[in-house]
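In what follows, every heavy atom counts, from backbone to side chain, and hydrogens, waters and symmetry copies are set aside. Proteins come first, then strands; the chains are lettered A, B, ... in the order of their sequence lines, and each starts at number 1.
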Amino acid sequence: MSVGLSVDLLAQVPQLVISGFTRGCIYAIVAVGFSIIYNSTQVINFAQGEFVMIGAVVAAVLLSKTSLLVAFPTAVAAGCLAGAVVALFVLLPLKRASVVSLIIITIGTSIMFRGLAQLLWGEAAIPAPPFTGVVVQGYVEDREFHFLGAYIRAQELWVMGVTALLVVGMHIFFRRTILGQAMRACAINQLGARIVGINVRRMIMASFVMAAGLGAVAGVVVSPVFYAKCNMGTALGLGGFCAAVLGGLGNFAGGVAAGIILGIVESLTGGLLWSDYKDAVAFVILLVILLLRPEGVLRRRAEA
Amino acid sequence: MRKFTSFFALVLLVCFAICVAAAKTSKPPIVIGAIFSITGDNAPLGVPERDTAVMLAKQLNAKGGIKGRPVKLEIYDDGGKPEQAVQACNKLLARKDVVAIIGPTLTGPSLAIAGMCNRAKMPLISCAASVKITQPVLPYVFKTAQTDSLAVERLIDYLKKHKISKVGFINDSNAFGASGREQWLVASKKAGIETIALESFNSGDTDMISQLTKIRSAKPQAIVCWGTNPGPAIVAKNMRALGMKQPLFMSHGVSNPEFIKLAGTAAEGVTFPSGKIIVAEAIPSSDPQKRVLMQYSADFKKTYGKPATHFGGHAWDAFQLVVSALEKVGPDRVKIRKAIEDTKGFVGIGGVFSFSPKDHAGLTKEAFVMVQVRNGKWTLAK
Amino acid sequence: MSDVLVETRSVTRKFGGLVAVDQVDFQVRRGQTKALIGPNGAGKTTLLNLLSGLLPASSGDILIRGRSVVRCAAHEIAGLGLARTFQNVQLFENMTVKENVMVGCHPWSRQGIASGALRWIGHWREEKLIEEEAERQLDFVGLSDLADFPAHSLPFGKQRMLEIARALASRPQVLLLDEPASGLSTRETSELASLLRQISARGITILLVDHDMQFVMDISDEVVVLDQGKKIAEGTPDEVQSNPRVIAAYLGVEAK
Amino acid sequence: MKDSERRGTHTEKAIPVRKKNLQLLNILPFAVFLACYAFAPRVVNDAQLTTIIYIGIYALLAVGLNLLMGYAGQVSLGHAAFFGVGAYTSGILTAKPIANEVIPGVSAGVGVISAVAALLLLTKPSGWKLAVGISLLVALGWLHNLPNLIPVLCAACAVAVMGIFGLMAKLQWMRTCLSGVVLTLVANLSKWFLKGTLERGSASPWTGLLVGVFLTAVISYLIGSQVLRLKGHYLAMATLAFGIIVEIVFRQWTSVTGGSSDGIFNIPSIQFFSYIPGFLRRLYEAAAGGSVDLRTQYYYLVWAFVFIAIVLAVNIVRSRVGRAFRAVHSSEQAAASLGVDTARYKVQVFVLSACMASVAGTLHAHNAGIGYIHPSEFGFIVSVELVVMVVLGGMASVWGSLFGAAAIQTLKDRLLDLEKTNPEFWGLKLQGLDPIVFGAVLIVVMIVLPQGLVRGFSDGVALLWRSARRSGRQQGVN
């Protein structure tokens with residue numbers, strides 16, 4: 001196939017990179033969510049992608065009725081609520097639960113969220129108007145820009161901007177605020193944190209709510225680009241997980257970088273090589289990384 | 001303790017078996033079974049089918065049913081999964097009072113149960129599109145959905161008329177899209193239309209920029225997109241975003257109002273072969289289907305507050321075929337099958353059906369018209 | 001065959017920057033009961049883990065029965081006749097007491113998965129041997145009447161005994177015991193001491209790590225003292241107890 | 001330990017696992033099973049028989065997965081992939097006329113996969129050596145594919161290349177050569193086999209079964225020997241990734257698998273009554289009151305496999321190797337220190353359970369009167385459903401898996417009927433409840449009854465029984 005790569009095809013690269021970047025941003029945010037929860041509980045939360053879905057769907061449903069100012073906070077609040085619910089389910093049995101049962105519980109929650117969303121909002125895709133658009137023939141249409149031979153939509157800029165904001169925000173939160181430092185303390189040594197008087201349960205709860213909130217924000221900004229659909233969570237969640245593992249679980253910066261790279265690689269594979277197997281790319285990368293560097297990925301844990 | 005465990009496992013197992021055996025229902029008058037994809041990825045197809053069947057049964061019963069006997073529908077949801085369809089079909093087959101089954105919505109479930117129905121001598125009128133359901137012909141299996149190949153042929157006629165010979169093809173990788181791709185590849189080759197780019201996307205995909213970029217670089221004269229919502233809407237939007245000016249052709253998979261809602265202005269100019277239902281008003285009144293189409297369209301709008309789709313039309317055809325057979329020969333599966341096979345010139349929503357022992361699909365490509373979106377409305381394409 | 005069963009040659013293990021075991025040389029001869037002692041963090045358990053193959057050595061060599069085992073996996077080392085117990089008892093909690101000991105028979109039994117699944121004659125024959133061995137070892141440590149209880153239901157002291165029985169079932173030449181007396185009552189400790197003497201009398205070489213000085217001095221023929229990963233002394237209990245370096249590093253702090 | 005007053009202070013609450021007077025319960029389940037097995041078709045109708053066949057197929061899967069998850073403690077979220085490999089291999093060989101042009105590709109692929117597995121099995125290379133070895137084998141597979149090269153030349157080439165690679169990589173070079181031989185052999189065999197199948201139109205389902213098991217064993221060995229080095233979340237994710245990749249291949253490799261539009265249909269059923277000696281068959285038919293139809297036959301076939309699987313599983317669990325599996329689950333360190341080759345046993349149980357899944361897949365493909373397979377039946381959701389079955393029935397409980405499979409299938413069945421009535425709840429149309437119910441079952445079972453329904457229930461009853469007996473005894477004393 002690669003033999004057929006023509007100059008024409010290569011000229012498409014900027015476009016592919018930009019659209020991959022948008023998707024990658026979402027992976028990045030999901031990866032950060034994975035890391036936040038992993039750090040505080042050593043749990044991989046399989047329901048992470050569903051937070052994005054909840055944010056996106058709630059926002060899309062509300063955006064058709066109310067303004068962004070109402071829809072955005074409501075959607076994020078819904079996501080946070082979902083996060084709190086997961087925390088309760090994971091927290092309750094946490095003491096004696098094995099890794100297997102934690103995996104199963106979070107998968108259970110993920111399936112349940114999807115089922116509930118389908119029940120509440122149906123299976124159909126829900127269109128959402130872009131944040132900043134122009135009204136054309138009764139439809140809110142997105143502005144478009146020309147950049148390096150590629151088209152870019154205003155909403156995509158929103159996605160990138162919000163991602164950047166969130167990443168910087170997270171960085172400041174974990175470095176500069178007391179709550180953030182307490183959460184980091186929990187991540188490094190739970191027992192130690194408990195001894196100095198940090199309420200570990202509350203920190204775990206906070207980390208779930210935060211990860212869910214992040215996911216929901218991602219969902220809201222992305223709902224005008226992709227359509228909000230009840231089954232969108234799985235793919236985004238798995239992509240985000242791949243990014244989290246690639247970047248080193250628990251490592252925010254790595255996760256963000258890996259997420260964006262993954263998004264771009266997927267997009268390039270689909271655009272330049274085989275779109276039929278585009279979805280397999282993330283998983284192949286994940287498998288290869290897990291197999292070639294298991295000790296590399298695991299070493300961090302062994303030493304922690 | 002382990003022995004306790006194994007023992008109780010069996011006790012529970014037996015309890016479950018009894019539960020399965022205990023659940024039985026009473027006998028209604030004339031029962032028509034139905035299996036639709038009411039949930040799952042293909043719910044946009046299955047739900048209007050369900051709604052149509054329910055509406056028709058209600059109308060029929062209001063008029064006094066068939067020779068005084070009311071009709072009862074037993075509607076199962078297969079969720080688009082073959083295995084679930086098999087289970088549902090088995091439940092229907094196990095009942096002596098079911099006279100025929102309409103559905104399933106999709107090709108996979110239809111193929112899964114076709115053999116079963118045929119063996120059990122249960123007339124099955126599928127609402128799915130694939131040719132393989134009725135080729136080779138199984139005596140008891142019919143279908144009402146216009147075969148993909150007819151849609152493809154209709155589209156190809158149109159392309160040839162407009163002298164388009166280099167096409168980029170992109171399809172949804174779900175059942176509908178994959179089947180369309182298969183038909184397209186066969187028919188386009190025959191018609192001398194070159195497919196210079198062939199891509200696919202997943203039903204869950206959120207943007208198709210990478211595929212379209214690849215297609216763009218192949219410089220086709222037109223693009224054909226075969227799929228069900230929301231994919232095609234995304235394709236339309238992304239094409240607009242990429243500044244691609246080629247005409248965009250689609251399949252009958254988008255002939256529902258949701259498509260225009262999703263794609264917004266990007267839907268402008270999209271052309272596709274469709275059943276006549278969505279352009280019922282624009283059909284010349286000389287068309288034999290005009291009256292039926294207008295009637296169904298109005299009824300559906302009145303009952304459910306949304307416009308009728310052509311998928312609902314498949315259920316309309318299936319239901320009415322069974323009913324007309326019932327009126328002729330009464331509730332006897334063997335006779336119903338014969339009656340359907342003998343049906344000629346049945347005016348339905350999908351077209352005018354004429355079945356024969358060799359043709360259980362009953363339609364020609366005249367069933368399709370080319371429809372174009374103009375100003376957010378469906379219009380007949382020239 | 002050489003008289004030396006276990007030998008380390010300047011074996012070293014690093015965790016990141018920390019050197020847990022630093023250039024340690026020592027030998028265990030056949031029939032000996034040898035103890036490894038040292039203050040907390042001296043690297044005793046790490047050394048045991050290196051010997052039993054649960055951790056790879058960073059450098060140096062380990063010989064068991066004259067064969068270098070630094071590249072061997074744990075199960076291969078066990079196959080050479082080295083069995084061990086763990087500091088925090090690692091029983092197979094999902095099995096009965098007897099089944100635990102039966103797992104111990106693994107190194108000398110041979111029947112594979114097909115034999116077990118199809119119940120070949122070999123399976124029955126070997127299963128009988130395994131069962132007999134398990135019963136013998138349970139009897140030896142005095143747990144035979146608890147054979148059919150789940151392992152996790154035993155009191156802690158008996159769990160230790162069970163672990164020893166399990167290790168013995170592998171018919172080891174060397175038995176490594178990681179803090180066998182920790183968490184035991186005085187009475188249980190003395191029972192353990194007499195049990196270890198019986199094991200030693202069977203000709204099994206014992207290498208143990210423990211904190212209970214009285215217990216260690218009581219049963220061991222030779223003692224190796226580690227401090228901060230380095231060997232600082234080796235000799236008979238009396239010699240070690242009077243060694244000024246040992247007293248400074250260890251006994252000086254903890255001796256009563 | 002002679003102090004009798006201390007003995008059993010802790011153990012009083014615990015229940016001894018084995019008691020001689022409960023020996024009967026050892027055989028009883030099998031007896032009940034066989035009785036139900038023989039007479040079930042006489043008391044159920046056709047629809048229920050279909051459900052029971054499905055239960056059998058999933059029970060086979062669940063029993064296999066339980067060996068892996070419940071006994072050896074290794075999670076797999078991609079088990080449906082092996083189910084699919086079995087189903088597709090058999091389905092393709094028996095029903096889908098194999099296109100001439102895919103034969104070289106498929107046979108070369110099978111050859112390469114087998115050769116890589118052989119390379120791994122024989123030499124255990126790691127890191128870059130493995131990568132180089134695989135690329136060499138893939139190149140050789142491609143070479144093999146060229147129509148104008150004679151097989152002998154290819155074989156020589158394969159052996160030479162692999163031998164040189166073995167010498168250079170300091171792998172055992174004879175064995176590395178052997179992987180080249182395997183490549184040539186398997187590729188040629190499968191080419192010959194596929195051509196023969198094409199000429200005859202289709203293969204026998206039994207051939208399909210065997211080829212499916214062979215392929216599954218090779219693939220599961222390949223993937224298992226690598227993936228099982230991982231633990232916990234990483235293992236779960238790796239198996240999940242594998243499962244999804246396989247599903248994508250089923251969906252997209254249309255020329256071979258029929259893709260997601262048509263799947264594979266008209267797969268013939270297995271008629272096994274014709275193999276039974278005539279007089280036995282007539283005897284049974286006399287007892288059953290008439291000839292035995294296709295579905296009933298198939299029911300007997302499927303459940304015969306389930307029975308065999310249960311017997312094998314129970315035997316394995318109570319054998320040396322089974323104890324080793326359970327030891328690995330409980331503490332890998334302790335197991336390794338007792339001479340248990342943990343890596344090998346993990347791969348063994350993985351391959352075993354994959355092969356059971358493959359058999360289940362073949363049975364699913366040939367299901368009497370249906371004979372249809374579709375990628376959606378082998379996706380992630382199915383893998384999760386299998387986990388639900390195992391968890392519900394109870395980890396480490398062979399009979400529990402049977403129960404879990406039955407419970408989930410029955411639940412699905414009930415939901416199908418429930419949704420048919422189109423219920424409404426607070427204005428919501430209750431449709432597509434499966435995910436919600438399955439999710440809830442997973443969560444509740446994991447939190448409330450981590451031992452599974454059966455074990456939890458039987459523990460409860462045993463407790464009741466014992467306390468009743470004790471109080472009865474006390475009354476007797478009084």
Pairwise distance [atom1]([X]) to [atom2]([Y]) - rounded to 0.5 angstrom:
{"X": "B/D77", "Y": "D/L418", "atom1": "CG", "atom2": "CG", "value": "11.5 Å"}
{"X": "D/L416", "Y": "B/K91", "atom1": "CG", "atom2": "NZ", "value": "6.0 Å"}
{"X": "B/K132", "Y": "D/F265", "atom1": "NZ", "atom2": "CZ", "value": "5.5 Å"}
{"X": "D/D417", "Y": "B/E74", "atom1": "CG", "atom2": "CD", "value": "8.5 Å"}
{"X": "B/Q87", "Y": "D/I370", "atom1": "CD", "atom2": "CD1", "value": "8.0 Å"}

Can you tell if the side chain of D/K412 reaches within under 4.5 Å of the side chain of B/Q84, non-hydrogen atoms only?
-> no

Any side-chain heavy-atom pair of B/V86 and D/Y372 under 4.5 Å = no

Looking at D/G369 and B/M116, what are the two nearest heavy atoms and their distance?
-> O-CG, 3.1 Å

Region of [X] in contact with chain D, defined by heavy-atom distances below 4.5 Å:
{"X": "B/I75", "value": "backbone"}
{"X": "B/T39", "value": "side chain"}
{"X": "B/R181", "value": "neither"}

Between D/L294, D/L49, D/T50, which residue shows the highest count of heavy-atom pairs closer than 4.5 Å to chain B?
-> D/T50

So which of B/A120, B/G108, B/G115, B/G177 has the largest heavy-atom pair count under 4.5 angstrom toward chain D?
-> B/G108

Using non-hydrogen atoms and a 4.5 Å limit, figure out which bit of D/D434 sits close to chain B: side chain, backbone, both or neither.
-> side chain

